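A quick note: this is a predicted structure, and the numbers were derived from the prediction, not measured. Throughout, protein chains are lettered first and strands after them, A, B, ... in sequence-line order, and every chain is numbered starting at 1.
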Amino acid sequence: MGVIGKRVAYYPGCSLEGAARAYDVSTRIVARELGLELDYLEDYNCCGAMESKNVTFMGTLLLNARNMSLARKQGHDVIVAPCNGCSFSLQRAEYFLQTDSKIFERVNALLKEGGVDPLDKIPETYHILEWFYHEAGPQKVKEKTKRPLRGLKVANYYGCLYTRPHFYARTYAHAGGQDEEARPRRRETADDDEHPYYMNALLEAAGATSVEFEPMHTQCCGGPHSLSDEQVSEKFVMMILQTAKRNGADIIATECPLCHASLEMYRHRLMMKGVPDVDVPAAYFTQLLGLAFGYSANDVKLKDNLSDPLPVLKRLGLA
Amino acid sequence: MAKSVLVIGGGPAGLGAAMILGRLGIPTILVEKEDRLGGSPILNHYHTLIPRKLKPEQVLGPYIKEVESNPNVQVKLKTELSACEGEPGSYKVTLSNGETHEVGAIVVATGFEHFDPRRKGELGYGLYPDVITNLELEQMFSKEGRLYRPSNGQLPKRVAFVFCVGSRDRQLGVTNVHCCRYGCALSGLQAMEIRQHYPDVDVFCYYMDVRTYGTWEYPFYWAPQEQYGVRYVRGRIAEITYSPADGRLRVKHEDTIVQRPSEVPMDLVVLVLGMEPSAGTKKVAKILGLAQDPDSKFLVPSEDSGSNIISNKPGIFIAGACKGPIDIESSLSEGEAAGAEAAAFVGAKVTV
Amino acid sequence: MAIHERSLVEPERIVRKERLVIDGVDVSGDWNLIILPRVINDYDLDFAKEIINSPDGKTITQCYQCSYCTASCPVHNYWDERYNPRHFIHLARLGLIDELQKRADVMWRCVSCHKCTHRCPKGVLVEEVLKVILRTMAKKGLIDEYPSKKFDKFFTESVLEYGRIEDGELLFGWIEKQGYNVVKDPILKKPIPFLGETPEWLKQLVMKPIKSMNVSFLVLNAKHMLFHPRTKNWNKFKQVLRKVMQEEGALT
């Protein structure tokens with residue numbers, strides 16, 4: 001425990017300021033309860049998500065380097081992001097900056113040109129779930145739990161980019177050669193590649209029961225194509241929801257605003273089409289932790305969720 | 001029991017055996033049918049040896065020097081074994097120069113020869129000057145130090161390596177179904193040498209499988225692709241033709257990954273030759289009554305022994321490429337092992 | 001004339017002529033069907049070079065065609081088996097453009113789940129490489145407009161303009177791009193949700209739970225749609241981004 005730091009730069013990302021407000025609010029509540037401090041990254045910009053990197057390589061790197069530079073300016077070595085897309089983008093940038101000195105120099109020159117401080121050091125990025133697990137952990141969650149999530153059967157959905165790809169997220173295994181320097185360097189804090197369990201552990205500590213959810217726990221929801229390729233997304237979400245339902249889940253716990261939105265949006269479309277076994281609602285894991293810590297449904301903005309998990313939670317006397 | 005040992009063949013395995021025997025103080029006769037020692041790497045002017053990328057002189061030079069200068073070793077060039085009588089411990093051997101000797105043990109290191117690609121007529125070797133063998137490419141490097149198309153002396157824009165010519169081929173009968181072992185790795189090395197000196201030359205390897213076994217995987221398969229941009233295409237070349245319109249060759253094959261027939265222009269085509277037992281190996285096997293693989297005619301070790309240098313005849317040891325395709329450094333060490341076995345067999349008392 | 005297996009004769013290789021004259025002899029009739037050969041006549045290595053030379057595409061040289069990526073790929077497994085990352089890499093490396101073009105309708109369907117990159121035993125950044133192949137094809141005019149490219153561009157332009165994105169605008173802007181007649185307000189020229197044409201599913205999605213929803217949430221999102229959240233001090237940085245994208249040929 002305690003390898004990342006109790007006080008970190010908090011990069012919420014665009015979604016958390018709007019449609020995923022509930023995730024932002026509940027994250028802050030959980031952090032406060034667990035004795036951790038989030039330092040809001042002032043005046044950040046979008047990370048470019050999965051989209052801009054397909055249009056421009058250097059531009060996307062610059063977007064992320066700007067955010068890194070802001071974190072350095074606020075005195076941080078560590079950035080924490082609650083969104084899979086954001087943490088991926090920052091880690092991807094970190095990978096290219098770390099492994100290619102020419103790219104690093106070019107980026108720094110361009111940052112300067114754009115009126116931003118060049119990077120004196122490349123900050124590391126962690127997903128907020130990793131941070132909660134390592135800096136607080138299940139024990140602390142247990143201590144803080146006032147209203148255990150007893151009887152709540154949860155399908156823990158991690159999505160793609162929380163565990164993948166380890167090339168960016170955990171190691172700098174590098175292109176070409178048997179160079180000793182370029183050997184994979186696994187980050188100690190990383191969750192298990194194929195069988196992640198941090199979210200299971202935290203929610204179980206808060207009293208919930210995890211249902212069997214492999215391999216759908218890291219199956220893609222259609223993510224960046226939720227809007228542009230509706231057919232594929234619909235099929236993927238159907239597989240995820242049906243597996244959750246058939247394995248007895250009351251609720252799907254999410255840790256990414258994009259996955260969350262995709263699940264909720266397509267859940268609704270599937271229900272309209274009369275597809276069976278897709279009516280499991282979704283909630284951010286921080287919302288569930290917030291409830292366990294004694295906060296009200298209103299405090300963690302449960303009404304923001306389009307899939308409306310309130311009836312389920314009320315039935316179990318948890319909200 | 002006679003105390004001397006006969007070594008047949010002056011290539012890497014024979015040199016390894018003679019060197020060890022000489023060092024152990026055993027009177028040794030080394031016969032070589034050619035006029036100098038060194039075997040195929042020296043006689044055929046190899047350029048760079050796999051896997052350590054050393055020159056043949058660097059690897060074999062010290063062995064030749066030691067064997068020639070050790071008083072225990074008599075080197076007989078332009079000499080072959082013509083007959084053998086007697087029994088283990090005292091073989092009476094007759095050499096082609098008329099000499100007879102009584103020896104306690106024999107090391108057979110009679111080696112291999114390169115496949116003759118004229119037997120695969122569809123590949124156009126001998127017909128089109130720009131179809132060459134990998135041996136000729138080695139000699140192009142070692143003798144002339146440059147890459148060119150034999151038809152016009154100019155630098156080729158594209159070079160193709162055709163794997164498994166005379167290997168893994170039942171069309172030639174049961175004799176050539178084995179893998180040549182060195183071809184994939186040597187092609188990787190030659191392709192890298194080309195790309196290193198001529199970065200504008202595109203190199204293609206046409207393969208069925210790439211068998212760079214053991215520790216050769218990275219240096220001879222991955223490095224050519226990752227560091228030198230050599231391209232691998234999966235498909236066996238079935239036919240090589242010449243197009244008078246542009247003066248280039250066409251390699252005809254199916255790209256099995258795309259599943260389409262292909263006829264792609266090439267300027268220089270290199271045939272990667274297989275290995276066959278040498279005429280000497282077949283002859284010696286007959287004279288000494290050694291067991292041979294019924295298909296390939298390579299020598300095979302005794303069924304009673306786990307060691308692969310023990311032959312079916314007591315006191316006769318087999319080493320190197322007479323047993324099948326092998327790389328040069330393994331050949332050397334097999335020769336050394338066979339030399340030590342022979343020394344033990346004749347009852348040498350070694351004091352250190 | 002060779003006898004062809006019908007399945008190997010793709011429609012695009014069949015040329016039908018009204019009247020066919022060979023050496024002055026009219027051979028129209030049953031003879032006027034020409035089947036173009038399937039043979040690969042050459043490679044387009046310049047195409048491959050462009051990918052190898054890009055920082056996110058250079059790992060393409062490391063692939064040894066083991067197909068770990070394809071076996072892991074959800075699009076291949078659950079959507080369309082013609083989506084085959086391993087195959088695309090082989091085709092791109094040799095520059096077999098016509099084969100890539102045949103697969104243009106599925107090539108853009110990658111959902112960026114990164115299973116391929118994650119598991120590749122050779123360290124190929126498969127997902128990145130596939131995007132570079134697509135990008136290169138688009139740049140060279142070898143592929144028509146495809147949905148994800150439209151969306152990527154739309155998204156990137158929004159980031160470039162404001163520094164941040166806004167979910168509502170993204171959603172309704174995208175709906176407009178898809179051909180729905182969206183009503184915009186006269187002053188800010190922003191799409192007004194639900195006044196114009198809206199896909200039925202979206203109406204349902206929002207209308208049903210709206211009754212149970214927080215008013216403050218709706219107000220927040222409406223505010224964001226009208227007054228797009230912006231990054232301050234963005235203009236100077238925007239110029240640099242524009243310049244970089246210009247250099248990459250990404251603005252066209």
- Note on the structure: What one should report as the nearest heavy-atom pair of G59(A) and L241(C) is O-CD2, 3.5 Å
- When rounded to the nearest 0.5 angstrom, what distance separates CD in E157(C) from OG in S52(A)? 12.0 Å
- Heavy-atom proximity to chain A below 4.5 Å, by part of F155(C): side chain
- Any donor and acceptor pair, going by atom type alone, linking the side chain of K235(A) with main-chain N or O of W79(C) inside 3.5 Å? no
- Message: Ring centres under 6.0 Å, that's the criterion: do F151(C) and H225(A) meet it?
- Response: no
- Under 4.5 Å from any heavy atom of chain C - which part of V232(A): both
- Taking side chain as C-beta onward, heavy atoms only, is Y95(A) less than 4.5 Å from L125(C)? yes
- Message: With a 4.5 angstrom heavy-atom cut-off, is it the side chain or the backbone of W108(C) that approaches chain A, or both, or neither?
- Response: both
- Note on the structure: One should read off an interatomic distance between Y146(C) OH and D229(A) CG, to the nearest 0.5 angstrom, of 13.0 Å
- Message: Quick check on L310(A) against chain C: is it the side chain, the backbone, both or neither that has a heavy atom closer than 4.5 Å?
- Response: neither
- Item | Which portion of N84(A) sits near chain C, non-hydrogen atoms under 4.5 angstrom | neither
- Do you know the tightest heavy-atom contact between I103(A) and P55(C)? CD1-CB, 4.0 Å
- Query: Can we say E194(A) and R119(C) salt-bridge, meaning some charged N sits less than 4.0 Å from an Asp/Glu carboxylate O?
  - Reply: yes
- Query: Say you draw a straight line from CD1 of I165(C) to SG of C47(A); how long is it, rounded to the nearest 0.5 Å?
  - Reply: 8.0 Å
- Checking heavy atoms, do the side chain of F236(A), its backbone, both or neither come under 4.5 Å from chain C? side chain
- Item | N-O pairing of E127(C) and R164(A) below 4.0 Å | no
- Item | Test salt bridge (charged side-chain N to carboxylate O under 4.0 Å, His left out) applied to E113(A) and K238(C), R242(C), K243(C), the passing residue | K243(C)
- Query: Got N45(A) and W234(C) here, is their nearest side-chain heavy-atom distance under 4.5 Å?
  - Reply: yes
- Evaluate the side-chain proximity of M245(C) to L62(A): yes if any heavy-atom separation is below 4.5 Å, no if none is. no
- Among K273(A), E17(A), M50(A), E42(A), which has the most heavy-atom pairs under 4.5 Å with chain C? E17(A)
- Query: Does a salt bridge link K153(C) with E51(A), judged by any charged N lying under 4.0 Å from a carboxylate O?
  - Reply: no
- Is a donor on one side and an acceptor on the other found under 3.5 Å between the side chain of T117(C) and the backbone of P165(A)? no
- Note on the structure: chain C shares the most heavy-atom pairs under 4.5 Å, among K301(A), R267(A), M239(A), R66(A), with R66(A)
- Could you tell me the separation between the SG atom of C160(A) and the NE2 atom of H118(C), rounded to the nearest 0.5 Å? 11.0 Å
- Query: Minimum heavy-atom separation for D167(C) to A19(A), with atom names?
  - Reply: OD2-CB, 3.0 Å
- Query: Of the non-hydrogen atoms in E248(C) and V55(A), which two are nearest, and what is the gap between them?
  - Reply: OE1-O, 4.4 Å
- Item | C116(C), part contacting chain A, at a heavy-atom distance under 4.5 Å | neither
- Query: Can you list the steps and then say if D100(A) with K58(C) is a side chain to side chain contact (heavy atoms under 4.5 Å, CB included)?
  - Reply: CA-CA 12 Å; D100(A) 194 329; K58(C) 67 178 179 186; 4.1 Å; yes
- Task: Check for a donor-acceptor pair, side chain of D43(A) on one end and backbone N or O of K232(C) on the other, with a separation under 3.5 Å.
- Result: yes
- Task: Select one option (side chain, backbone, both, neither) describing which atoms of K53(A) are under 4.5 Å from chain C's heavy atoms.
- Result: both
- Could you check which of H224(C), Q239(C), R230(C) has the highest count of heavy-atom pairs closer than 4.5 Å to chain A? H224(C)
- Message: Counting C-beta onward and ignoring hydrogens, is there a side-chain heavy-atom pair between F57(A) and S54(C) closer than 4.5 Å?
- Response: no
- Message: Does any backbone or side-chain atom of D56(C) lie under 4.5 Å from a heavy atom of chain A? Answer side chain, backbone, both or neither.
- Response: both
- Under 4.5 Å from any heavy atom of chain A - which part of P229(C): neither
- Is it true that atom CG of D279(A) has more than 12 heavy atoms of other residues, nucleotides or ligands lying nearer than 6.0 Å? yes
- Task: Heavy atoms only, distances under 4.5 angstrom: which of V75(C), I175(C), L160(C), L220(C) has the most pairs with chain A? Name it, please.
- Result: L220(C)
- Note on the structure: Checked L227(A), V116(A), L302(A) vs chain C; the most non-hydrogen pairs under 4.5 Å come from L227(A)
- From D152(C) atom CG to N54(A) atom CG, the distance as rounded to the nearest 0.5 Å: 4.5 Å
- Over all atoms of both residues, closest heavy-atom pair of L161(A) and S112(C): CD2-O, 3.9 Å
- Task: Would you indicate whether the side-chain heavy atoms of S228(A) and W174(C) approach each other to under 4.5 Å?
- Result: yes
- Message: Give me the atom names and distance for the closest heavy-atom approach of E247(C) to R106(A).
- Response: OE1-NH2, 3.0 Å
- To the nearest 0.5 angstrom, please state how far the CD atom of E166(C) sits from the SG atom of C46(A). 12.0 Å
- Query: Who among G222(A), C220(A), G18(A), G223(A) has the most heavy-atom pairs with chain C under 4.5 Å?
  - Reply: G18(A)
- Does atom NZ of K140(C) have more than 12 heavy-atom neighbours from other groups under 6.0 Å away? yes
- Task: Could you check which of K236(C), K131(C), R164(C), K150(C) has the highest count of heavy-atom pairs closer than 4.5 Å to chain A?
- Result: R164(C)
